[in-house]
Amino acid sequence: MIDLNLSEQERSRRDSLKKLTDLGINPYPAESFFTNISSREILESFDDEKPEKLKDLSLAGRVMSRRIMGSASFAELQDEKGRVQLYFRRDDICPGDDKTMYNTVFKKLLDIGDIIGVKGYAFRTKMGEVSVHVTSFELLSKSIHPLPVVKQKDDKKYDAFTDPDQRYRNRSVDLIVNPHVRKVFEKRTQMTNSMRQFLNEKSFMEVETPVLQPLYGGAAAKPFKTHHNKLDQTLYLRIANELYLKRLIVGGFNAVYEFAKDFRNEGMGRFHNPEFTQMELYVAYRDYLWMMELVEAMVEKIAIDLHGDTKVKVGDHTIDFKRPWKRYTMFEAIEKFNGIDISEMDEQALKETAGKLGVDVDNSMGKGKIIDEIFGETVEKKLVQPTFIMDYPVEMSPLAKKHRTKDGLVERFEAVCNGKEICNAYTELNDPVDQRQRFEEQLLLAKRGDEEAMMLDEEFIKAIEVGMPPTAGLGIGVDRLAMIMTNSHSIQDVIFFPQMKQEAKQEVDAPEAFVELGIPESWVPVVQKAGFLTTDELKAQNPNKVHQLLCGMNKKHKLGLKNPTQDDVKAWVEGA
RNA sequence: GACUGAUUAGCUCAGCAGGUAGAGCAUCUGCCUUUUAAGCAGAGGGUCCGGAGUUCGAACCUCCGAUCAGUCACCA
């Protein structure tokens with residue numbers, strides 16, 4: 001019985017699968033296949049003077065193309081490191097009289113996408129390409145779902161697999177056929193390795209803190225809410241890990257960091273995924289000025305590790321991460337870009353200024369939020385080269401320490417790059433009395449309608465009441481930084497499996513429901529393929545039309561079923 | 001959430017003013033002992049996103065819905 005839901009190609013591959021089994025070949029063998037070289041190593045180490053140095057090779061990978069010419073053939077094998085061409089000759093693969101392995105297994109039953117292991121030796125073809133002359137091969141895994149075939153000539157791609165929706169939903173395939181996608185993720189991992197190395201060399205300790213939290217805090221954002229059954233208690237997925245890392249500082253660790261998946265129940269877009277990665281770092285006995293130097297040094301190192309240079313191409317810009325970066329206070333930055341000094345303004349004057357600058361404000365916004373809006377609208381987008389913005393209004397920063405000299409401000413900085421914030425850092429607030437007051441001010445903001453105002457966390461306050469050393473803290477948006485370092489336009493390009501809307505599932509009745517109407521079992525798939533997925537849908541149809549449709553399908557797909565009579569179909573439809 | 005656009009074969013895309021679908025690659029059948037987006041000859045493959053409407057007739061026109069993309073708004 002033909003499965004009508006499969007394409008012709010999928011059916012053909014399932015056929016091959018069966019034929020292989022019939023030949024006694026296990027399409028999914030269990031044994032290890034040991035390789036001793038990669039495609040890249042072959043290409044790099046081949047020596048025309050001494051080709052015999054590359055013999056007794058064993059390599060494995062995926063067949064990505066085949067060019068068959070009678071008793072000799074070429075194929076391309078793709079492994080983790082790249083591709084190498086394979087040369088198959090019938091009489092080498094099958095030295096004896098039995099040519100099955102070449103004529104049948106290789107030529108007929110092997111498909112693009114299959115994973116094979118080969119043994120052979122390296123040589124250079126007449127066309128000048130270093131290749132592997134295969135002496136034997138074995139199937140390691142059969143692919144029964146066809147792969148998009150991307151061809152390439154002179155750097156020009158043909159039929160590239162480009163639809164973003166398909167690519168994100170089907171990342172495995174994306175990674176197989178789009179090597180540039182794979183490179184982005186290699187770079188991302190190189191980046192986090194580089195950060196870990198930088199921090200570990202300074203003897204900072206990598207730690208883990210809870211993702212499920214009874215109270216969410218440490219940032220201004222809306223959370224995902226969940227429930228623990230046994231405790232019968234509401235839990236939130238963390239929006240930040242700040243409050244837990246600070247507890248570790250209280251506990252006596254002097255420098256801790258965590259690569260944390262955080263979750264925010266907010267909009268999605270080019271710069272936003274509901275789950276994203278942040279690296280937070282806390283160091284005792286340090287302040288935000290010290291932290292600025294650390295950020296510069298770390299990001300400069302990342303650029304050099306990834307690109308061998310402090311300059312990185314991002315879109316139309318070249319961004320230079322060479323130290324030192326420019327530094328402005330927030331008021332200086334606003335004055336520089338707008339020519340207006342807002343440092344002495346009260347809430348009313350700020351509102352009017354915002355209006356003049358075309359920045360939207362509403363009544364839920366306090367003084368700090370208005371300043372932040374003005375900055376975000378008129379300055380941030382224009383900062384391309386890495387720049388530190390320092391000294392934020394206290395209202396916006398309930399976890400940061402008040403500025404040592406400037407009233408109404410806190411010791412906080414953000415680094416802005418390519419028009420976007422890449423990190424956020426404070427001299428941390430360690431005064432428990434002030435901390436409690438700040439939380440209470442947040443509660444007032446919440447009452448004014450600010451949905452993202454922070455919650456009061458008694459447990460956290462209790463911890464810093466014990467005494468937290470003066471501390472500098474930092475959060476870096478790992479995805480955002482990865483976007484810059486890999487020149488990616490969208491956050492979805494640096495996250496393996498970005499959040500996607502679920503494809504709507506069609507309602508389908510079980511085959512038994514159709515059989516109950518008197519429809520023979522063999523006809524049920526045909527009825528469903530014809531578009532009648534539920535018995536209710538069938539009920540709404542004109543029986544004659546259904547009859548014609550079904551008989552047509554039988555003929556078209558050569559199903560060889562005995563056609564029902566018009567009366568049969570009428571009975572099915574009316575019974576439904 | 002708003003606006004604009006997209007959705008046709010496994011993949012990339014055509015389809016001009018409404019007359020029930022085309023190409024290249026992939027697949028299948030032949031031929032070919034060093035090819036390279038291999039070539040040559042032949043074949044099969046499509047609820048034209050879903051639904052309703054207008055019409056003698058819809059991939060194409062109208063309306064509703066789904067999904068995606070881009071831009072904007074909120075947020076890292």
Side-chain angles (χ1 to χ4, degrees), chain A residues 4 6-13 15-16 65-76 85-92 102 108 111-113 123-129 131 133 145-169 173 177 219-222 239-240 262-280 360 373 376-377 414 420-424 451-452 475-481 483 489-492 500-504 506 528-533 537 549 552-553 556-558:
Chain A
L4 292 168
L6 295 177
S7 71
E8 182 202 11
Q9 285 189 49
E10 288 170 298
R11 276 181 231 152
S12 149
R13 291 197 177 200
D15 268 3
S16 305
S65 74
R66 293 192 305 156
R67 295 181 288 280
I68 293 173
M69 309 159 295
S71 57
S73 308
F74 290 87
E76 271 182 300
Q85 179 169 263
L86 305 179
Y87 175 59
F88 290 80
R89 198 160 63 185
R90 187 185 60 201
D91 296 336
D92 292 337
Y102 182 79
K108 301 235 162 97
D111 291 296
I112 290 175
F123 75 111
R124 192 184 285 279
T125 65
K126 276 187 192 163
M127 296 300 290
E129 182 161 345
S131 308
H133 190 131
H145 193 95
L147 231 41
V149 180
V150 182
K151 296 210 170 180
Q152 196 167 347
K153 189 189 189 182
D154 304 331
D155 286 337
K156 219 177 137 183
K157 282 203 178 115
Y158 300 82
D159 304 337
F161 181 56
T162 53
D163 180 24
D165 179 41
Q166 293 294 321
R167 287 182 38 228
Y168 300 145
R169 285 186 197 279
V173 171
V177 303
K222 286 171 234 161
I239 57 173
D262 291 341
F263 304 82
R264 299 192 184 172
N265 205 343
E266 292 165 345
M268 293 165 57
R270 194 153 86 75
F271 290 101
H272 299 272
N273 195 60
E275 59 180 286
F276 65 102
T277 306
Q278 220 180 164
M279 196 283 288
E280 290 199 34
D360 287 338
E373 284 292 315
E377 285 296 312
E414 292 190 359
K420 276 279 168 191
E421 173 196 337
I422 55 170
C423 79
N424 183 11
E451 287 185 81
E452 294 176 345
I476 287 191
V478 172
D479 311 284
R480 294 264 177 96
L481 191 59
M483 283 171 70
H489 179 74
S490 163
I491 197 166
Q492 296 175 305
M500 305 288 283
K501 194 162 177 174
Q502 285 277 309
E503 284 174 294
Q506 276 190 307
Q528 292 193 328
K529 175 71 178 173
F532 312 121
L533 297 174
E537 274 177 82
L549 204 58
M553 303 249 314
K556 187 170 148 197
H557 293 287
K558 301 190 180 94

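First the proteins, then the strands, lettered A, B, ... as listed; each starts at 1.
Annotation: of the two residues near RNA chain B, A/Ile68 and A/Ser71, the 5′-most nearest-nucleotide partner is A/Ser71.
B/C11 and B/C48 have their P atoms separated by 15 Å, with the value rounded to a whole Å. For the C1' atom pair drawn from B/G46 and B/A37, the interatomic distance equals 25 Å after rounding to whole Å. Nucleotides B/U54 and B/A58 have their C1' atoms positioned 10 Å apart, rounded to a whole Å. With C1' as the reference atom, B/G1 and B/C75 are 14 Å apart, rounded to whole Å. Straight-line distance between the P atoms of B/C63 and B/A6: roughly 14 Å, to the nearest whole Å. Remark: the separation of the P atoms in B/A17 and B/A2 is 32 Å, to the nearest Å. Using P as the reference atom, B/G15 and B/G53 are 29 Å apart when rounded to the nearest Å. One P atom belongs to B/G18, the other to B/A43, and the distance between them is 32 Å to the nearest Å.
For A/Met127, the side chain to side chain contact (heavy atoms under 4.5 Å, CB included) partners at least two apart in sequence or on another chain are A/Thr125. In this structure, the side chain to side chain donor-acceptor pair (under 3.5 Å) partners of A/Tyr168, at least two apart in sequence or on a different chain, are A/Asp493. For A/Ala221, the side chain to side chain contact (heavy atoms under 4.5 Å, CB included) partners two or more places apart in sequence, or in a different chain, are A/Ile239, A/Arg264, A/Glu266.
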Could you encode protein contacts along nucleotides 70-76 of chain B as a string, one character per nucleotide from 5' to 3', using B for base contact, S for sugar-phosphate-only contact and - for no contact, with a heavy-atom cut-off of under 4.0 Å?
-S-SSBB

Once base and sugar-phosphate atoms are separated, protein heavy atoms under 4.0 Å mark nucleotides 2-15 of chain B, 5' to 3', with B, S and - as --------BBB---

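By the 4.5 Å heavy-atom criterion applied to side chains, A/Glu414 and A/Cys423 are not counted as neighbours.
With rounding to whole Å, A/His133 atom NE2 is found 10 Å from B/U34 atom C1'. Between the CZ atom of A/Arg89 and the P atom of B/U33 there is a distance of 12 Å, given to the nearest Å. Atoms CZ (A/Arg169) and P (B/C49) sit 17 Å apart, rounded to a whole Å. Taking atom OH of A/Tyr168 as the reference point, atom P of B/U67 lies 18 Å away to the nearest angstrom. As a whole-Å value, the separation of A/Leu6 CG from B/G46 C1' is 16 Å. The distance from atom CD of A/Glu129 to atom P of B/A38 is 11 Å, rounded to the nearest whole Å. Whole-Å rounding puts the A/Arg66 CZ to B/U33 P distance at 17 Å. The nearest whole Å value for the distance from the CG atom in A/Asp15 to the P atom in B/G44 is 19 Å.
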Walk me through it: do A/Tyr87 and A/Phe123 pass the test ring pair (Phe, Tyr, Trp, His ring centres under 6.0 Å)?
CA-CA 9 Å; A/Tyr87 175 59; A/Phe123 75 111; 5.6 Å; yes

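The closest donor-acceptor contact from the side chain of A/Arg270 to the backbone of A/Ile491 lies at 3.5 Å or more, if one exists at all. Using a distance-only test at 3.5 Å, with no hydrogens or angles considered, a donor-acceptor pair links the side chain of A/Asp479 to the main chain of A/Thr277. A distance-only check finds a donor-acceptor pair linking the side chain of A/Ser131 to the backbone of A/Glu129 [under 3.5 Å]. Distance alone, capped at 3.5 Å, is enough to place a donor-acceptor pair between the A/Arg11 side chain and the A/Leu6 backbone.
Side-chain contact check for A/Arg67 and A/Gln85: at least one donor-acceptor pair (N or O, by modelled atom type) lies under 3.5 Å.
The distance from atom CZ of A/Phe271 to atom CE of A/Met483, rounded to the nearest 0.5 Å, is 4.5 Å. Taking CE of A/Met500 as the start and CG of A/Asn273 as the end, the distance is 10.0 Å to the nearest 0.5 Å.
Within the nucleic acid shown, A/Gln85 comes within 4.0 Å of at least one base atom, counting heavy atoms only. A/Glu76 comes within 4.0 angstrom of nothing in the nucleic acid, heavy atoms only.
Within the 4.0 Å cut-off from OP1 or OP2 of B/U35, not a single side-chain nitrogen or oxygen of A/Arg67 is found. Remark: A/Lys151 is not in phosphate contact with B/G24, judged by side-chain N or O atoms under 4.0 Å from OP1 or OP2.
Note on A/Asp163 versus A/Arg167: no salt bridge recorded, every NZ/NE/NH1/NH2 to OD/OE distance being 4.0 Å or above.
At a cut-off of 3.5 angstrom, the base of B/U35 holds at least one donor-acceptor pair with the side chain of A/Thr125.
Minimum atom distance to the side chain of A/Tyr87 is reached by B/U33, of the listed B/U33, B/G45, B/A26.
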Under a 3.5 Å cutoff on both atom distances, Watson-Crick or G-U, what's the dot-bracket for RNA chain B ([ ] crossing, | other strand)?
(((((((..((((........)))).(((((.......))))).....(((((.......))))))))))))....

